[in-house]
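Below is one structure, written out as structure tokens, with a few remarks after it.
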Amino acid sequence: MPQHLPVARLRDLDTVLAPPGKTVASPAAPKLPPSSATAAGGGADGDVVATAQLHRAGGGVQDRLSSVASVGDPAADLAQGVCHGRVASIEKMVPQQWWKTVFDAMYLRTDGDVVEDPEVTREEVGMLDRDPVIKSIFLKGTDRRQAVGWSLHVTAAGKVLDLCCGQGRHLLHLAKQYPHLELFGHDQSSYLISLAQQRASDLRRNHRRPPVFTVGDCREVPFPSGTFDLVMVLGNSFGYFSSEDDDRAVLDEIHRVLVPGGVAIVDLTDGVYMRRHFVQRSWEWLDDGVFVCRERELSKDGLRLSTREVITSTTRGVLRDQFYQERLYSGDEVAGLARSAGFDLLARPSTASTDDSLAASSLTFANDLSKRQEDLGMMGHRMVVVIRKSASSNLPSSGTATPRAAADDLARLQTQLSVASLDHSVASAAAPAALVPLNRGLSVVVPTEPRGSERPVFENLVLVLGDPSQACIGKLNNTWNAEDLATRQRLVDALSELGYCQRNLAVVERHASMYDQLRAMLQTGAARRPVVFNLCDEGFDNDALKELHVPALLEMLRVDYSGADPNCLAYCYDKGLVTCVAGAIGVPTPRETFLHGLLGGGSADADAATFARVRDRVGLPAFIKPVRGDNSLGITAGSLVRDEAGLRAKLSELRAQGVGDAAAQEYLAGTEYSVGVVGNPHTGFRFLPTLEVDFARIVARGLVPILGFESKWDPASPYWSEIGYRRAELSPEAERRLRADCVRLWERFGCRDYARFDWRCDVGKGDGKDGLGGTIKLLEVNPNPGWCWDGKLTYMAKLDGFEYKDVLRMILRAASDRIEFQRRSRKDEANA
């Protein structure tokens, strides 16, 4: 996938926060406040439904997790051990946007007994199943499947949005129970969404359609009006904002994205009960080594409950002192908000009262199933509200009915081209006039005339890219955001400067029809047979495991193409294989041991044995990462482990992400380098200036100096914005050795045309001048590295005065020289 230089996305603090001997539960939702302020939002007219009070049913807990990832650096706070001591007013200590700092790995620790318990999730989904209106949505589109098979649909499958979805536990359960549903999750926590995406990958491997997850504010959902049959706001995720107007904006947004007659279900704390029965002070053990003390304070007007949590380790002292607040709504108040947003109450005999007061029976399964059975906080008593948008609502809604006009829908489509629907139906129907590229089946505009006068390297070129009509696991929001699409357009514009336009450049990006498109293009005469510029580093169907499938398809079509072949991509995708092979040919590599079968492990004894093996074979600190993968998924600050507790936490995190095999490597604490190479052995190599990574500002923050997931995909992270790059100042001899090793690796793995090799010194700079005697060791071999205008390869070239278009020209010429050399070789062999 295109990777931008200032790169980052997943904020992963699990290992930092884990106490000794305690594994970290994957993202869930806190018991205390609802979930992140990503609480749902709806639109204007509709029908409200009924309310049932929950005894801390685990629903929206997950949502609270959502906001964690987009905030500042909790690890830094932990390092300082901040504790505010006695405070005069808890309410005055609550940050304006408290949800941005509460929902992180620590939150998962405090609430994992509910939000990560599959029994609780099963009961919560069962609650939805028992509602006949919601059940009918789940069954939508299955009317005639038994009679005519899955390929024919009398009605389209239902579309469901889980707003404030957290780690996606409800959607993942629904995906297994109702595989025909089109499921979408939205949450403000990139950390939780990343975990949801990882878990969803299991569905894809089992040939099921996984949910599509996006990151953002609950008051502005990246989908067109009238998209969903059902919007769920589960897990106490409503009432986080300081203003009632913002809560109303959430309902307005829910109303906007619902189809006429669509239904929403919102669960939230029962304000009347909590106002009367909240526990002013409590103490809860999370495990044998960590406990949390809570203080609560009711506002003078009785509308808000503020909570303080002091989380303490018996060995490390105070880990966190945090404050949050929630609006205590009564059933009548929620009904009033829903009506003002244009909803109708949907009466259900089992829960609704005759006076629409929303008083209802309590549901207590989360309370009953909680393993710890301690302080359940805001999740103790909750109520469920089911509401409906009027079937007579216009679509799109008029300006007086909803706060957002059709122009806003168009803007969302332009920046979120294919988030809305896996079958493209929404994207193609919403605003075709303004989306010319979409009407042509493209996410880019190919100029009618070239912008430059130079002769193109290949007479005809086919550009193969990732599919913007499908979710893309690993990107921000698991989809194509504005930056991704702008990057693709800059690529096409640069190719136009190299002489390409509509006459000689075709773009193939819809993978469902890729084979047919390519085969049709290849029917021309041999003289005009195009060459494929393969920049589909997302993989076939945007699956990184299938990056090799694209060149394999091109091989079967017998078409020439740029970049690595399937074998090279397969080899280098396995980092463990790369390390073993590199060591065998004499290239310096870190000490390493492999941790296999993680998904089948997890016992205290097994993890203790694993720690002993890592300690003895690798040493401490060690660096833990998935054996196979792309985009630095699973590589976070928590990958650096210093003790058994840290290892347990990292293994727990990897298991939660579905990672079965990992590598434990010697941690290389010295300087990190990248070497970019363009060319081929028989035609010569061009070495771009060696790049040195500057971690100075990251180290100053007290963060682990690594290029992990956040550095590639999370613009809100300091890892994205505060990592620098500069020309490496290596001695000529060190540079020569490094380049020689790159050539050996190139030839052993069969790289072609261009590649990048990443290295790191075990101590110091490794140039022989600092007196530390460090050795520069291999981190990764990257065939077909990121091709972005602001990627590492382009950055290296700019150090020598080249532009983005020059980098593309270098790659195309390297491919052209290789292809011509291969043709001559075949001809010589035939004539021999």
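Throughout, numbering of the chain's residues begins at 1 and tracks the sequence. Basis for what follows: all heavy atoms, side chains included, without hydrogens, waters or symmetry-related copies. Predicted model, so just to flag it, every value in this text is computed and none were measured.
A donor-acceptor pair is defined here as one N or O able to donate and one able to accept, closer than 3.5 Å; such a pair exists between the side chain of D321 and the backbone of H84. Formation of a donor-acceptor pair under 3.5 Å by the R613 side chain with backbone atoms of F594 is found in this model. Side chain of D762 to main chain of T775: a donor-acceptor pair is present (N/O by atom type, distance under 3.5 Å, no hydrogens or angles). Side-chain atoms of W746 come within 3.5 Å of backbone N or O of C751 as a donor-acceptor pair. With hydrogens and angles disregarded, a donor-acceptor distance shorter than 3.5 Å links the side chain of S639 to the backbone of I624. Under the 3.5 Å distance criterion, the side-chain polar atoms of R697 are left unmatched by any main-chain donor or acceptor of P718.
Closest heavy-atom contact between P783 and C572: CD-CB, 3.6 Å. Scanning all heavy atoms of the two residues, the minimum distance from Y725 to V693 falls at CE2-CG2, 4.0 Å. The shortest non-hydrogen separation linking L569 to N784 is CD2-ND2, 4.2 Å. When all heavy atoms of I706 and I723 are compared, the pair lying nearest together is O-CD1, 3.8 Å. Considering every non-hydrogen atom in both A544 and Y573, the closest pair reads O-CE1, 3.6 Å. For the pair L778 and P590, the tightest heavy-atom approach, listed with the atom from each and the gap, is O-CD, 3.3 Å.
Residues H170 and H173 are not in side-chain contact: their nearest non-hydrogen atoms beyond the backbone lie 4.5 Å or more apart. Put simply, the side chain of R169 reaches to within 4.5 Å of the side chain of E124, judged on heavy atoms. Inter-residue side-chain proximity for L620 and D643 is flagged as unmet; no heavy-atom pair is nearer than 4.5 Å. Within the 4.5 Å cutoff, no side-chain heavy atoms of T307 are placed close to those of F323. The closest side-chain heavy-atom distance from E666 to V618 is below 4.5 Å. Side chains of V743 and E747 form a contact here, defined as non-hydrogen atoms less than 4.5 Å apart. Two residues are said to be in side-chain contact when any heavy atoms from C-beta on lie closer than 4.5 Å; L654 and P626 meet this criterion. With contacts defined as side-chain heavy-atom distances shorter than 4.5 Å, the pair T671/I776 does not qualify.
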- Message: Test side chain to side chain contact (heavy atoms under 4.5 Å, CB included) on L703 and F695; report intermediate values, then the result.
- Response: CA-CA 9 Å; L703 301 178; F695 290 114; over 6 Å; no

- Query: Step by step, would you call R760 with D758 a salt bridge (Lys or Arg N to Asp or Glu O under 4.0 Å)?
  - Reply: CA-CA 7 Å; R760 190 153 174 161; D758 296 334; over 6 Å; no

- List the steps and the verdict of side chain to side chain contact (heavy atoms under 4.5 Å, CB included) for E119 and E123. CA-CA 6 Å; E119 293 182 59; E123 288 296 328; 5.7 Å; no

- Item | side chain to side chain contact (heavy atoms under 4.5 Å, CB included) assessment of T589 paired with C580 | CA-CA 8 Å; T589 59; C580 290; over 6 Å; no

- What's the verdict on side chain to side chain contact (heavy atoms under 4.5 Å, CB included) for D616 and T593, showing C-alpha distance, side-chain angles and the deciding distance? CA-CA 10 Å; D616 296 342; T593 188; over 6 Å; no

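Using the six-membered ring where Trp is involved, F623 and Y667 have ring planes that are parallel, under 30° apart on the 30 and 60° scheme.
Counting non-hydrogen atoms of other residues, nucleotides and ligands closer than 6.0 Å to CZ of R615 gives a total above 12.
In this view, D741 and R744 satisfy the salt bridge (charged side-chain N to carboxylate O under 4.0 Å, His left out) rule, not counting sequence neighbours. Residues passing the ring-ring contact (aromatic ring centres under 6.0 Å, His included) test with Y571: none are found, sequence neighbours excluded. Applying the side chain to side chain donor-acceptor pair (under 3.5 Å) test to D694 and every residue at least two apart in sequence or in another chain returns R726.
A salt bridge does not link K765 with E729: every distance from a Lys NZ or Arg NE/NH1/NH2 to an Asp or Glu carboxylate oxygen is 4.0 Å or more.
Rounded to the nearest 0.5 angstrom, E644 CD and L651 CG are separated by 10.0 Å.
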